[in-house]
Asks: 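Have a look at the structure that comes next, please.
In what follows, every chain begins at residue 1, and chains take the letters A, B, ... in the order their sequences are listed.
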Amino acid sequence: MATTAPTVQPDGGAGLPPLRRLGAALREFVRSGAVIRWLGRVGAFVPITALGLILLVLIIRAIPAIQYSGLHFFTGTTFNFGSQFGKPVHSDGLTHQPGEIFGALPEILGTLVTSAIALVIAVPVSLGAALVIVERLPRRLASYVGLFLELLAGIPSVIVGLWGALTFGPFIAHDIAPAIADTLGKIPGLTGFFGGSTGNGQGLLTSGLVLAVMIIPIIAATSRDLIRGVPLLPREGAVALGMSDWETARRVTLPWVGAGLVGAAVLGLARALGETIAVAMVCGVALGNLPTNLYGAMVTIAANIVQNLDTAILDPLDVRAFAELALALMVITLLTNVLARLMVRRVSGTALPVGRGL
Amino acid sequence: MSIRFRTVCAAAALAPLALLAACGSSGSTASSSNSASASAAPAASSGSGATTLSETGSTLMFPLFGTWQTAYSTAVPAVTITSGATGSGTGVADAATGTVTIGASDAYLSPAQTAQYKGLINIPLTVAAVMVNYNVPGIKAPLNLSGTVLAKIYAGKITTWNDKAIAALNPGVALPALKIITVHRADSSGSTFLFTSYLNAQDPTDWSSSNIGTTITWPSVPGSLAETGSGGMVTGAGGAKGSIAYIGISYLTKTTAAGLGTASLLNKGGKYTQPTGAAINAALATFSGSTPPSGTQSLINTTAPTGYPIINYEYAVVKTTQPSAAVASALKAFLTWTITTGSDAKTLATVGFEPLPANVLTIAQNEIKSIKS
């Protein structure tokens with residue numbers, strides 16, 4: 001663009017034809033950096049405006065459903081789109097189908113419990129992987145393993161879902177679930193949750209494990225970078241004091257980056273809570289079904305929304321109920337983030353997600 | 001160089017804003033369905049001579065629609081047709097909100113949908129059936145099943161294949177002590193609507209009328225499977241021993257290949273029938289005389305002893321007001337073609353569908369005539 005620069009007249013382009021004068025003024029405006037300044041200002045407000053607008057629209061849309069369901073939304077266990085071909089009824093100023101009941105407890109619990117299962121499995125695995133990559137593997141091998149970890153994090157969730165539905169789910173149903181039921185399910189007191197019908201590969205356990213697979217690379221890659229940042233000196237000191245590798249990791253390395261590790265886990269949790277399509281493909285989309293054990297078909301908020309929006313969008317009240325569901329999911333995610341920040345502050349006194357450097 | 005870089009930056013920064021604005025406007029038109037012409041704008045484009053007709057919906061109809069798409073693009077190259085197997089519910093929703101030109105549906109529009117979306121009509125294009133398939137190894141002859149037994153199976157009241165109620169319908173058949181795995185659709189589906197209509201028609205006590213629809217709250221049956229699309233049903237049922245599923249007739253070759261049996265279903269005439277062409281037409285004959293001008297009619301649970309009890313009109317759900325004259329005329333020409341040239345015996349035989357009876361053909365043609373721009 002070297003040719004454009006000399007055409008700018010020192011006198012601001014006065015005396016030129018109007019169109020060229022406008023062009024010159026424009027170029028001057030661009031050269032002065034005002035464009036970048038304004039873009040910066042606009043850009044800074046886009047995220048906060050977007051968050052505010054989304055919340056606002058969801059709340060406005062959800063009001064009729066909130067009035068219709070009341071507290072039953074959080075306590076009810078029946079979610080029914082009503083009699084779709086029945087005679088429409090009127091209530092709260094809306095025309096909708098008879099028999100509509102929106103009890104979202106099963107999907108709220110489903111969202112939380114699948115994410116909890118994922119986290120319980122993913123955190124130890126990720127920390128182990130991160131420690132091994134940093135401290136045990138030869139540097140060349142570690143860089144390859146790390147590369148694969150990052151590739152794994154980039155796999156689109158629909159592919160993980162497909163794998164979960166076609167390969168992993170049946171494998172769980174035939175091999176893993178019966179094994180768990182035969183061991184943990186035999187322990188008195190745990191029989192209710194771990195025993196019973198082991199299902200067909202769609203449900204709580206499969207959803208939790210698929211989510212774990214998706215968040216392990218995120219947590220592991222973040223932890224690896226944090227652990228790599230732990231200085232050598234304190235670790236050498238620990239070894240000099242006669243600590244074993246495990247003691248060094250437990251007493252020096254991991255506490256050094258404790259806050260960052262909580263941050264890494266929260267990053268994974270946020271992904272798990274909002275993950276939609278992979279869970280929708282393996283959870284069984286059992287509306288209003290509270291699973292009686294670890295293997296039962298269930299539903300999460302996100303899975304319900306993605307699978308049934310086409311039905312809901314045609315009914316004025318259904319779509320309002322979906323707005324309320326979306327609002328609930330958003331509040332859960334925001335609360336999780338706030339909670340995590342408080343935890344991080346307790347661990348370290350600094351903000352997310354940095355470790356304490358030297 | 002720097003100016004171009006800034007331009008790119010500006011474009012990149014403004015793109016989300018533009019999207020936000022676009023989303024805002026489409027959201028408002030979707031909610032206020034009266035502004036039909038505005039929300040229909042993205043449904044079809046007719047720039048530079050070529051017209052595009054878009055379709056989404058029924059996976060039952062998708063194999064036939066694919067055949068039509070290929071044949072019609074050869075016959076009329078100026079019209080481009082896009083199609084997507086999304087489930088009937090999405091087809092209706094997309095047509096209602098103006099996202100697509102044609103929504104394919106196994107289910108007719110509900111009274112509420114007709115009331116809410118003025119000018120949305122369902123045009124019968126062809127006649128289809130829904131099979132009940134089972135994965136029970138060792139059973140050679142087709143099993144007999146009734147709506148009552150199926151309702152009890154899907155309600156979790158009958159849980160094994162050698163249950164007395166199933167044995168009573170199948171004297172002399174050695175039924176295994178195999179657990180029944182119910183398979184149902186996870187997405188919004190016309191097949192679900194037809195199947196649940198049949199359950200309710202034969203057994204209103206075990207299957208209430210509030211459980212008829214394209215998306216329903218299934219009773220909690222331990223070990224049940226939810227699958228997306230007719231194809232997903234075939235895969236799901238094929239992979240689980242002891243499974244039972246309801247799948248559109250157009251997937252017959254696939255269900256056979258997956259080793260699934262096709263049940264003979266009890267009709268209101270008291271006989272068990274297979275979903276053959278003759279049985280579909282026999283059932284159709286008891287209904288087609290009373291098909292209303294709107295085309296909206298349930299063809300479930302025929303009284304004809306030789307008739308198959310779960311048949312239906314496959315509908316094209318369209319808006320009578322199209323965004324432009326070019327789209328309207330292309331749509332009318334295409335729909336007319338589908339029920340005439342497109343419905344020849346050879347084409348329909350590949351998917352097991354039957355053509356419309358003469359009087360319903362006239363009804364469909366009159367509905368097509370009502371499309372304008």
Asks: Does the plane of the ring in B:Tyr108 sit parallel, tilted or perpendicular to the ring in A:Phe85? Use 30° and 60° as the thresholds.
Replies: perpendicular

Asks: Could you pull out the closest heavy-atom pair between B:Ile216 and A:Leu287, with the gap in Å?
Replies: O-CD1, 4.5 Å

Asks: Looking at every heavy atom in both A:Ser83 and B:Ser210, which two are closest together, and how far apart are they?
Replies: CB-CA, 4.0 Å

Asks: Taking every non-hydrogen pair under 4.5 Å, which of B:Gly232, B:Ala240, B:Ala112 racks up the most with chain A?
Replies: B:Ala112

Asks: At what distance, to the nearest 0.5 angstrom, does CG of A:Asn289 lie from OG of B:Ser224?
Replies: 7.5 Å

Asks: Enter the distance from B:Gln113:CD to A:Gln97:CD here, rounded to the nearest 0.5 Å.
Replies: 8.0 Å

Asks: What part of A:Asn80 is in contact with chain B, defined as an atom under 4.5 angstrom from a non-hydrogen atom: side chain, backbone, both or neither?
Replies: both

Asks: Would you find more than 12 non-hydrogen atoms of other residues, nucleotides or ligands less than 6.0 Å from A:Ile48 atom CD1?
Replies: no

Asks: Roughly how far, to the nearest 0.5 Å, is OG1 of B:Thr97 from CG of A:Leu314?
Replies: 8.0 Å

Asks: Please rank A:Asn200, A:Val285, A:Asn293, A:Asn308 by heavy-atom pairs under 4.5 Å with chain B and give me the top one.
Replies: A:Asn200

Asks: Contact part of A:Gln307 toward chain B, heavy-atom cut-off under 4.5 Å: side chain, backbone, both or neither?
Replies: both

Asks: Go through the steps to decide whether A:Gln84 and B:Thr214 satisfy the test side chain to side chain contact (heavy atoms under 4.5 Å, CB included), and finish with yes or no.
Replies: CA-CA 8 Å; A:Gln84 285 157 43; B:Thr214 50; 2.9 Å; yes

Asks: Report which part of B:Ile181 has an atom under 4.5 Å of a heavy atom belonging to chain A: side chain, backbone, both, or neither.
Replies: side chain

Asks: With a cut-off of 6.0 Å (strictly less than), are more than 12 heavy atoms of other residues, nucleotides or ligands near NZ of B:Lys179?
Replies: yes

Asks: Using non-hydrogen atoms only, which part of B:Ser209 is less than 4.5 Å away from chain A: side chain, backbone, both, or neither?
Replies: backbone

Asks: Quick check on B:Ala107 against chain A: is it the side chain, the backbone, both or neither that has a heavy atom closer than 4.5 Å?
Replies: side chain

Asks: Rounded to the nearest 0.5 Å, how far apart are OG1 of B:Thr56 and CG of A:Asp310?
Replies: 9.5 Å

